Undergrad: 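Can you keep this structure in mind? I'll have questions shortly.
Computed from a predicted model, the values in this text were never measured in an experiment. Naming: A, B, ... by sequence-line order, numbering from 1 per chain.
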Amino acid sequence: MTDQTAADTTADTAADATTTTAGEELYLVDGSGFIFRAFHALPILTRPDGTPVNAVLGFTNMLTKLLADLKAQAVAVVFDAKGDTFRSNIYPAYKAQRPEPPEELKPQFALIREATHAFCLPCLELEGFEADDLIATYARLAREAGRPVTIVSSDKDLMQLVGPGVRMFDPLKNKPIGPAEVAEKFGVPPEKVVDVQALAGDSVDNVPGVPGIGVKTAAQLIQEYGDLESLLARAGEIKQPARRQKLIDFADQARVSRRLVLLDQNVPVPEPLEKLTVREPDHQKLIDFLRAQGFRSVVARLEAELKKDGRIVDGAAPAAPDPATAPPPDAAAPPPVRSPATPAGEVVQRYELVQSLDALAVWIDRARETGLLAVDTETDSLTPSTATLVGISLATEPGLACYIPLAHGPAQGSGQLDFDGGAPPPQIPTDACLEALKDVLEDPSVLKIGHNFKFDHQLFARSGVRVTPTDDTMLISYVLEGGGQGHGMDDLALKLLGHTTIPYSDVCGTGRNAITFDRVPLDKALAYAAEDADITLRLWKALKPRLVAERMVTVYETIDRPLVPVVADMERCGVRIDRAELSRLSRDLGTRLEEIAGEVQRLSPRPFNIGSPKQLGEILFEDLSLPGGKKGKTGAYSTDSSVLEGLAEQGAEIAQRVLDWRQLAKLKSTYTDALQEQIDARTGRVHTSFAMAATSTGRLSSTDPNLQNIPIRTEEGRKIRRAFVAEPGCKLLSVDYSQIELRLVADIADIAALKQAFHDGLDIHAATASQVFGIPLDKMTGEIRRKAKAINFGIIYGISGFGLGRQLGIPPGEANAFIKAYLERFHELKAWMDKTKAFAREHGHVPTLFGRKCRINGIQEKNPAKRAFAERQAINAPIQGTAADIMKRAMARVPDALAAGGSKARMLLQVHDELLFEVPEGEAEEAARIVRRVMEGAATLGVPLVAEAGIGDTWGDAH
DNA sequence: CGTTTCACG
DNA sequence: GACGTACGTGAAACGT
């Protein structure tokens, strides 16, 4: 077998090449690979005699582009030869199960070779070897001659060749493939790709690899052990038992796999390197060939170019464009068509592509007339801070919508190939478009309607456009439906309009074939994007009147709608993170984890993976026979922290060590490691996303990353909070509601004694304990207060004797006695709970103080366990939901209050009962006063609302 | 891709 | 008296 390092070849070959064609770039086209990909990417087109030619068309377009745009001087097109290759001798199954190529493809193999000859390009193949080996060998020769090489292919098997002087180019996606792209695909640098492939195998080529190991695992292993041989030698050290065994059992199979995927760089080349030059094609021969295939537009283009260059005089009459290369529909609005998916059939669609400011002005006028404008933005990414604005769609009445492309590149969809590359479609410059739209977007008399408008709001805000006033169909639906379920546009279109929207995957593909929206051909982009605006407007027509009918106007108008720009600004601002500090913490945690893992293994009868609850359970309860039992439907032992704590108290040291390990592992993987990845390169800050229509109670939630669960309860965890820092010259200000949920219980259930305690400003848990257990405050002990505190929390969660007992570590009977005493002392509570459960049973939802509906599923259940669960939700939801409402009301008022107070403070995060701000140093105290005032005044209740502020250099210190 | 665990309120 | 339990989230790791 050959080896990549075997470069002991003809020094004279290299010398020759250097003298004749030094420095000239060599293009190696993977002809065989291209045939298959083009065939599957393009619709099957036939020439007049019925011969399919779609791959041939893609191929000629690609070559034309290569020769014209890249000014390629040295090109070879390489094909697989017929018959077996040397790899079949290594492993007979290699590529053995390949199905016959489709009938429509077979005749195209010969045509593509013919096309290559028509272009007068070297057309190479070598019996016994694959095209990839020939490419590998030429790449090596060129590299040694000091000439850069571009391999025109996207075949992953060629990626091992990428490196200094050798790059790849994906001809269908028009994208270069360099070391970074290879590393992204394989998780390792190009020179280690073969090792990863050897482990992961390839089902298409029948490379066996090691069973159960995919690319991700393989990359991780190679990264850790360096290369395949080192890994196989040290396979015994692998933690996961199944994986360890597989690597041992299939070591030789991995070695064979490596020989299969490793390309031969020393095959006897059919042509010397220096012969691979581009010759001027015989134009008449080429044109004859192209015409014979029916490629009229290619011929027309070629002739036009040759004429321009004065190279031919003969001009065949320009033919009508063939369907495959026809330009996308231009700005003329297509004739109205009936919307097929609208059952009523009433709505007629007219979607228009807007490519000039004049055309845009018509739409702006329409918006001013109707006072309505549905808006949707298309981007190349879902991250609003970095996304490029690719286009904007508008709708002014149902069925009447347009799409304004702004940053579309050359089209590139499954239906069309355009190798003209450099020629993007005509588009209004983004700045000019935004300038033209700014007035109407900020016009108080035109309502802008969006779906998840927070995203669009951020995009416009980035360009200095403050869109107002706005409606958000996602939030209207959320308010009407009472949380939960899906409020995505596709779901709503189906449910409310009976309309199935064009799936995003239809225009952009999915997985590895996905393209960004700027590569979508304009006809498809128009259909998709204009539909989004159209559907948004039609959803609004269906949903908005229901707010009035269902008495949800106030919730929407005063709580959720005003929050959109506020949350958008918070996300856009982000929060500063001290990366170096996180990195230090990660390193520290890493070493401590290794120490603890060592101790755990020492205490264990056999090695196991500490991170696997399943294995841990077996060790603890079978090998060590510790007391404890099975649980759950899956039959697995429970090993959560309450179980381990129990074991640790009985003296099981291993349980304590595992607890320690778990805590640190969690901190490292979820926080110190992951958070570093989330730092935005441009801003140096972390930008979370707050979901506004996700929870059943009206709370926000936070994702990518979740910044609402940053540790604080343990000292170890608090160190992570100290990595959240203020900009130099600024402080962080944290303001949180004190006991808001318990205050709301007192108010909503109208519990006189509890309300009085809050009025008196007492320590509420101590006061509760005093009243429930009849102990004077001055005789209160910590233990009794702890019990009262647990009951208070229990109330909020929809208390049960079992749950409270488990929390306090006492028998359920005893806990029930506490609850009974509590309900007797605060007798109003029982009445409110009964009333609330009855309401939920009747309506399927419960209201917050401000009227938000919280949907409760399963309240009618026959199964008592499921019904009890729903009843606890029914108790908890009005409390949690009202707190969420109050916080949202405060958030909507805070920015204006700060501005009015002359403060430059910026709101960064919301953590349910806490707001975090970044404030210029001298203003922190004043900002704290303003925020506290707004938060405490966000609702007028029968109990006082209290907000407490803390100021510090880090989030950890602002408490 | 479902399950388990655990971080927060 | 059944039935399996505290409420609401999101992310990482494991293992099929």
Undergrad: Can you identify which nucleotide, out of C:dG8, C:dA11, B:dA7, has its nearest atom closest to the A:Gln663 side chain?
TA: B:dA7

Undergrad: Just call it for A:Glu914: base, sugar-phosphate, or nothing, with non-hydrogen atoms closer than 4.0 Å on any strand.
TA: nothing

Undergrad: Looking for any heavy atom pair under 4.0 Å, which part of the strands does A:Ile799 touch: base, sugar-phosphate only, or nothing?
TA: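 Base contact.
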
Undergrad: Of the nucleotides C:dA6, B:dC8, C:dT16, which has the atom closest to the A:Pro711 side chain?
TA: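 When the side chain of A:Pro711 is considered, B:dC8 is the closest of C:dA6, B:dC8, C:dT16.
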
Undergrad: Return no unless some side-chain N or O of A:Arg872 is found under 4.0 Å from OP1 or OP2 of C:dT5.
TA: no

Undergrad: Which nucleotide in the set C:dA11, C:dT5, C:dG15 lies at the smallest distance from any side-chain heavy atom of A:Asn609?
TA: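 The answer is C:dG15.
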
Undergrad: In the strands shown, is C:dC3 matched to any nucleotide by a Watson-Crick or G-U wobble pair with both distances under 3.5 Å, and which?
TA: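 For C:dC3, the partner nucleotide comes out as none, under the 3.5 Å rule.
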
Undergrad: Let me see the working for A:Val196 and A:Val215 under side chain to side chain contact (heavy atoms under 4.5 Å, CB included), right down to the final yes or no.
TA: CA-CA 7 Å; A:Val196 169; A:Val215 170; 4.2 Å; yes

Undergrad: What integer distance in Å separates A:Leu915:CG from B:dG9:P?
TA: 14 Å

Undergrad: Any donor and acceptor pair, going by atom type alone, linking the side chain of A:Arg743 with main-chain N or O of A:Ser738 inside 3.5 Å?
TA: yes

Undergrad: Nearest-Å distance, CD (A:Gln708) to C1' (B:dC6)?
TA: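 Atom CD in A:Gln708 sits about 16 Å away from atom C1' in B:dC6.
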
Undergrad: Report yes if at least one side-chain N or O of A:Thr697 is closer than 4.0 Å to OP1 or OP2 of C:dC7; otherwise report no.
TA: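 No, because none of the side-chain N or O atoms of A:Thr697 sits under 4.0 Å from OP1 or OP2 of C:dC7.
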
Undergrad: Would the base of B:dC6 count as contacting A:Lys666 through its side chain, where contact means a donor and an acceptor less than 3.5 Å apart?
TA: yes

Undergrad: Tell whether A:Arg713 reaches the base of B:dG9 with its side chain through a donor-acceptor pair below 3.5 angstrom.
TA: yes

Undergrad: For A:Gln615, report the nucleic acid contact type (base, sugar-phosphate, nothing); a contact means any heavy atom under 4.0 Å.
TA: sugar-phosphate

Undergrad: Find the distance A:Leu742:CG to C:dA6:P and express it as a whole number of Å.
TA: 21 Å

Undergrad: Kindly point out which of C:dT9, C:dG4, B:dG9 is positioned nearest to the side chain of A:Ala868?
TA: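 Out of C:dT9, C:dG4, B:dG9, the nucleotide with an atom closest to A:Ala868's side chain is C:dG4.
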
Undergrad: Which sits closer to the 5' end of DNA chain C, A:Gly801 or A:Lys862, going by the nucleotide each is nearest to?
TA: A:Lys862

Undergrad: Would you classify A:Ala674 as touching base, sugar-phosphate or nothing, given that sugar-phosphate means primed atoms plus P, OP1 and OP2, and contacts are heavy atoms under 4.0 Å?
TA: sugar-phosphate

Undergrad: If we take the P atom in both B:dT3 and C:dT5, what is their distance in whole Å?
TA: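 Between the two P atoms, the distance is 14 Å.
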
Undergrad: For A:Asn706, answer base if it contacts any base atom (sugar-phosphate contacts may also be present), sugar-phosphate if it contacts only those atoms, and nothing otherwise; contact means non-hydrogen atoms under 4.0 Å.
TA: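 Sugar-phosphate contact only - A:Asn706 comes under 4.0 Å of backbone atoms but never of a base.
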
Undergrad: When the P atoms of C:dC3 and B:dC8 are considered, how many whole Å apart are they?
TA: 36 Å

Undergrad: Where the side chain of A:Ser641 is concerned, which of C:dG10, B:dC6, C:dC7 is the nearest nucleotide?
TA: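 Out of C:dG10, B:dC6, C:dC7, the nucleotide with an atom closest to A:Ser641's side chain is B:dC6.
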
Undergrad: May I ask you to evaluate whether A:Thr670 reaches the phosphate of C:dA11, defined as a side-chain N or O under 4.0 Å from OP1 or OP2?
TA: no

Undergrad: Should A:Lys246 and A:Asp249 count as an ion pair when the cut-off is N to O under 4.0 Å?
TA: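 A:Asp249 and A:Lys246: not salt-bridged.
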
Undergrad: Reckon A:Gly798 touches a base, only the sugar-phosphate, or nothing at all at heavy-atom distances under 4.0 Å?
TA: nothing

Undergrad: Side chains of A:Ser477 and A:His487 only: does a donor on one sit below 3.5 Å from an acceptor on the other?
TA: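 A:Ser477 vs A:His487: donor-acceptor pair found between side chains.
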
Undergrad: Roughly how far apart, to the nearest Å, are C:dA2 and B:dC6 at atom C1'?
TA: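 Rounded to whole Å, the distance is 32 Å.
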
Undergrad: In whole angstrom, what separates A:Arg662's CZ from C:dC14's P?
TA: 12 Å

Undergrad: Taking CD1 from A:Ile610 and P from B:dT4, how many angstroms apart are they, rounded to a whole number?
TA: 20 Å

Undergrad: Round to the nearest Å and state the distance from A:Phe608 atom CZ to C:dG15 atom C1'.
TA: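 Rounded to whole Å, this separation is 16 Å.
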
Undergrad: Name the nucleic acid region contacted by A:Ala870, choosing base, sugar-phosphate or nothing; use a 4.0 angstrom heavy-atom cut-off, strictly under.
TA: nothing

Undergrad: Between C:dG10, C:dG15, C:dG8, which one does the side chain of A:His912 approach most closely?
TA: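 Nucleotide nearest to A:His912's side chain: C:dG8.
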
Undergrad: Let's go through A:Tyr822 and A:Phe826 carefully: what are the C-alpha distance in whole Å and the side-chain angles of both, what is the deciding distance for ring-ring contact (aromatic ring centres under 6.0 Å, His included) to 0.1 Å, and is it a yes or a no?
TA: CA-CA 6 Å; A:Tyr822 193 100; A:Phe826 303 125; 4.9 Å; yes

Undergrad: Whole-Å distance between C:dA12 P and A:Lys668 NZ?
TA: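 After rounding, the gap between these two atoms is 13 Å.
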
Undergrad: Would you kindly say whether A:Asp704 and A:Ser689 are connected by a side-chain donor-acceptor distance under 3.5 Å?
TA: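 Judged by distance alone, the side chains do not pair up.
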
Undergrad: For a quick check of understanding: with a heavy-atom distance under 4.0 Å over all strands, which category does A:Ser800 fall into, base, sugar-phosphate or nothing?
TA: base

Undergrad: Considering just the side-chain nitrogens and oxygens of A:Thr714, establish if one lies under 4.0 Å of OP1 or OP2 belonging to B:dA7.
TA: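 Checking B:dA7 against A:Thr714, no side-chain N or O comes under 4.0 Å of OP1 or OP2.
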
Undergrad: Nearest of C:dA2, C:dG4, B:dT5 to any side-chain atom of A:Ala865?
TA: C:dG4

Undergrad: Using Watson-Crick or G-U wobble geometry with both distances under 3.5 Å, which nucleotide pairs with B:dT3?
TA: C:dA13

Undergrad: Indicate whether any N or O donor in one side chain lies under 3.5 Å from an N or O acceptor in the other, for A:Ser701 and A:Thr695.
TA: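 No.
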
Undergrad: Base, sugar-phosphate, or nothing for A:Ile875, non-hydrogen atoms under 4.0 angstrom?
TA: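 Touches nothing.
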
Undergrad: Give A:Gln873 one of three labels, base, sugar-phosphate or nothing, depending on what nucleic acid heavy atoms sit under 4.0 Å from its own.
TA: sugar-phosphate

Undergrad: Whole Å only: how far is the OH atom of A:Tyr671 from the P atom of B:dC6?
TA: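 From A:Tyr671 OH to B:dC6 P: 12 Å.
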
Undergrad: So what does A:Asp640 touch, heavy atoms closer than 4.0 Å: a base, only the sugar-phosphate, or nothing?
TA: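 Result for A:Asp640 = sugar-phosphate.
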
Undergrad: Would A:Phe621 and A:Leu647 satisfy side chain to side chain contact (heavy atoms under 4.5 Å, CB included), going step by step from the backbone distance to the final call?
TA: CA-CA 11 Å; A:Phe621 300 118; A:Leu647 295 175; 4.0 Å; yes

